Protein chains: 2
Amino acid sequence: MKRGWLDIQAEALRRIQSREWPPGGLIPNEAELARELGCARATVNRALRALAEDGWLERRRRAGTRVALSPQRRAQMSVPVLRQEVEGMGKVYSHRIISRRIEADLLHLEGLHFADKAPFAAEQRQVNLSEVPQIADVDLDRISANEWLVQNAPFDRGTLEYAAEPASAFDVKHLKCPRGAPLMVLRRETFSETAMVTAVRMAYAPGHAVRLVI
Amino acid sequence: MKRGWLDIQAEALRRIQSREWPPGGLIPNEAELARELGCARATVNRALRALAEDGWLERRRRAGTRVALSPQRRAQMSVPVLRQEVEGMGKVYSHRIISRRIEADLLHLEGLHFADKAPFAAEQRQVNLSEVPQIADVDLDRISANEWLVQNAPFDRGTLEYAAEPASAFDVKHLKCPRGAPLMVLRRETFSETAMVTAVRMAYAPGHAVRLVI
DNA sequence: GAGTGGTCTAGACCACTAC
DNA sequence: TAGTGGTCTAGACCACTCA
C-alpha cells in the first residue's frame, strides 16, 4: 500500500505512462482509487490535482478524470527581474536612466541595464500615471522602474512575449552592437483590473538566452 | 469572516501588497491565522502554499513563513508541441522528414514543419537509440518525432532555452529566409534518469514570437 | 527540545454538469 | 437529478530545523 500523496502521484503517473490508463480514457473516481490504494480520498485528490496541473490529466466535475490526449509538460520561468538575472551570473548589476518625459498621464522612460559595466539590456517603457501616480516621485536612479513596479504595482493580468528582432537604431546606440544584429527582445504589458499599468520593450545584448525550467 | 481558501489567499495577498506584512517579515503562523480568520488550519495552509508557489511567500518548517523580498511572479508556457502551436493559429499542420541517418546509437533527424504549407520551423534532432530503441521502427512521416517522443519517452529532467540567432545555411535553405535574418531558436535536451534521450534545435520562421502566460 | 509547516484521515457539504 | 470532483473541518502525527 502506498502512503503519501507523492506515492499516489507516482503510481498514477506509472499507469498513465504504461498505458494502463490509455490516453483519453476515463480513470477510476477518487473514492474508488482511495479504496484501492488504501488512503483517504483527500490524498488521492491531492495527487490527481497535481497531475492535472502538470497537464497529465483533465478533470471535470461530474464527467470524471481523463488521461490527457497529448500530455503537456509545462515550462516555467520567473518573470525576469534584471538585477537577479545579472547577479545570478555572478556579475554586478547597475542601471542608468537615459531619458524620462511625461506626456498625457504617461511616463516614458528609456534606460540601460549593465552587467559588470557591460550593457546587458536596453529598455523602453511606458507607465500609466493614473494607475501608479507615486512613481512620478520615485528616484529611478536608485531603484529601477522594473523593481519598483514589481514591488508596488500589483497587477492582475499580463502578457509576456519574446521575439528575435534585428537591432534597432536605439539598440545599436546603447548596446553597441552592429545594426541588424539578432537580438532577443522581450515585450511585456501588465494590466490592473481597469487599465494598462505598464508596457515595456527590453532588448537584450547579443548572445542572451532565455532559459526555462521544465 | 472569509470562507474559501481563495478568500484567505486574497486576504493574505492584500496584506502583503499593502505592506501590512512587510517584505522579509515573518507572518503569523498557520494556527494563529486560522483562529483569526475563522477557518481550519488546512484552509490557511492551502492558501499560503499557493502563494508560496507563486513566489510571494517563503516557507520553512520551524522557521515560519516570510514575505518574499522580491515577489517573483512566474510565467508559464506549455512545452511546445508544434502541431498544437500551428493548429492553435487556425492553420493546417504538416511536416516532412528531410534526412535521417543512424550513427553510433544516435538517430540524426532533420525535418520541416509547415503551417498551411508555409515553412514554420526547421528541426535538427538527435535521439539516443539506447534509451528509446522503438523509435527506429516508427514511421516518422506519419507522426513527428516530437509528438512520438512526448507520448512515449517520459523524461525526468530537461533544459529548454530560446535564443535569437542569425539564420544558418540550413535555416536559409529550408525556411526560405535571408541569410543572417534574426530567428528565434529553441534548444532543448531531455534526460532520463541515466542518459540523454533527445536533443533538438528548432529554428522558427522569421516573425515567430514566444508567448508566456503570467 | 520545541515550534513550525507538511501531510493524512474520516466525514461532510457544496458546485458543477452530463444525462 | 444524480454522480463527480472541489473544498472545508477538526484532529492527529510527522519532519524538519532552529536555538
Side-chain angles (χ1 to χ4, degrees), chain A residues 1-16 20-69 71-72 74 76, chain B residues 1-16 20-69 71-72 74 76:
Chain A
M1 284 309 164
K2 303 293 184 171
R3 303 315 312 272
W5 71 269
L6 287 170
D7 297 310
I8 306 291
Q9 184 186 41
E11 170 62 14
L13 192 52
R14 189 191 63 73
R15 295 186 187 188
I16 293 168
E20 190 173 326
W21 291 343
L26 211 51
I27 77 170
N29 69 33
E30 294 186 347
E32 196 168 331
L33 283 171
R35 247 179 290 121
E36 183 203 338
L37 300 170
C39 65
R41 182 167 80 90
T43 306
V44 173
N45 180 280
R46 181 80 143 77
L48 298 189
R49 177 159 39 87
L51 287 173
E53 280 168 9
D54 283 346
W56 292 102
L57 296 174
E58 287 169 6
R59 324 193 70 199
R60 276 155 62 205
R61 287 171 165 161
R62 164 71 197 188
T65 298
R66 291 180 178 280
V67 177
L69 279 170
Q72 294 259 354
R74 288 198 172 78
Q76 266 202 348
Chain B
M1 283 308 166
K2 302 293 182 172
R3 304 316 314 271
W5 71 269
L6 286 169
D7 298 310
I8 306 293
Q9 183 186 44
E11 170 61 14
L13 191 52
R14 189 192 63 73
R15 295 185 186 187
I16 293 169
E20 191 173 326
W21 292 344
L26 212 51
I27 77 171
N29 68 34
E30 295 186 348
E32 196 168 331
L33 283 171
R35 247 179 289 119
E36 184 201 337
L37 299 170
C39 65
R41 182 167 79 92
T43 306
V44 173
N45 180 279
R46 180 82 143 87
L48 298 189
R49 178 159 39 87
L51 286 172
E53 280 168 9
D54 283 347
W56 292 103
L57 297 174
E58 286 169 6
R59 324 193 72 199
R60 276 158 62 206
R61 287 173 164 158
R62 164 72 197 184
T65 299
R66 291 179 179 281
V67 177
L69 279 170
Q72 293 259 354
R74 291 202 171 82
Q76 266 202 349

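On a predicted model such as this, the values are computed, not experimentally measured, just so you know. Below, chain A is the first sequence line, B the second, and so on; all start at residue 1.
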A:L33 CG to D:dT4 P, in whole Å, measures 12 Å
Answer with base, sugar-phosphate or nothing: what part of the nucleic acid does B:R46 contact at a heavy-atom distance below 4.0 Å?
sugar-phosphate
Could you state the CG-P distance from A:L37 to C:dT7, rounded to the nearest angstrom?
18 Å
Every protein N/O within reach of nucleotides 15-18 of chain D N/O, cut-off under 3.5 Å:
from   : atom 1 : to    : atom 2 : distance (Å)
D:dC18 : OP1    : B:R60 : NH2    : 2.5
D:dC18 : O2     : B:R62 : NE     : 3.4

Within the pair B:T65 and C:dT4, is there a side-chain N or O less than 4.0 Å away from OP1 or OP2?
no
Value in whole Å for how far the P atom of C:dT7 lies from CH2 of B:W5:
15 Å
If only atom types and distance count, is the side chain of B:N29 paired as donor or acceptor with the main-chain N or O of B:A31 below 3.5 Å?
yes
Below 4.0 angstrom, which residues in residues 23-31 of chain B have at least one non-hydrogen atom near DNA chain C?
B:N29, B:E30
Are any of the side-chain nitrogens in A:E32 or A:R35 under 4.0 Å away from the carboxylate oxygens of its partner?
no
Send over the distance from A:R49 CZ to C:dT7 P, rounded to a whole Å.
11 Å
Under the side chain to side chain donor-acceptor pair (under 3.5 Å) rule, collect the residues that match up with A:R66, sequence neighbours excluded.
none
Figure out the CD/P separation between B:E58 and C:dG6, and round it to whole Å.
13 Å
Non-hydrogen side-chain atoms of A:L48 and A:I27 separated by less than 4.5 Å:
yes
Which pair of heavy atoms, one from A:L26 and one from A:A63, lies closest together, and at what distance?
CD1-O, 3.5 Å
Can you find a side chain N or O atom of B:T43 that sits less than 4.0 Å from OP1 or OP2 on D:dT7?
no
Spacing between B:I8 atom CD1 and D:dC8 atom P, to the nearest angstrom:
8 Å
In degrees rounded to 10°, what angle is found between the helical axes fit to the five outermost pairs at each end of the helix from C:dG1-D:dC18 to C:dA18-D:dT1?
20°
salt_bridge(B:R46, B:E53) N-O dist < 4.0 Å
no
Could you check how far CD of B:E53 sits from P of C:dG6, rounded to whole Å?
10 Å
In whole angstrom, give the distance that lies between atom CG of B:L48 and atom P of C:dT7.
13 Å
Has A:N45 got a side-chain N or O lying under 4.0 Å from the OP1 or OP2 atom of D:dG5?
no
Would you please name every residue forming a side chain to side chain contact (heavy atoms under 4.5 Å, CB included) with A:P23, sequence neighbours left out?
A:R19, A:L69
Give the minimum heavy-atom separation between B:W5 and B:A47, together with the two atoms involved.
O-CB, 3.5 Å
Indicate whether OP1 or OP2 belonging to D:dG5 is found under 4.0 Å from a side-chain N or O atom of A:R41.
no
Nearest heavy atoms of A:C39 and A:V44, plus distance in Å:
SG-CG2, 3.7 Å
Check B:A68 against B:G55 and note the closest heavy-atom contact, atom names and distance.
CB-O, 3.3 Å
For A:G4, does its backbone N or O pair with a side-chain atom of A:D7 as donor and acceptor, under 3.5 Å?
yes
Residues in salt bridge (charged side-chain N to carboxylate O under 4.0 Å, His left out) contact with B:R41, at least two apart in sequence or another chain:
B:E30
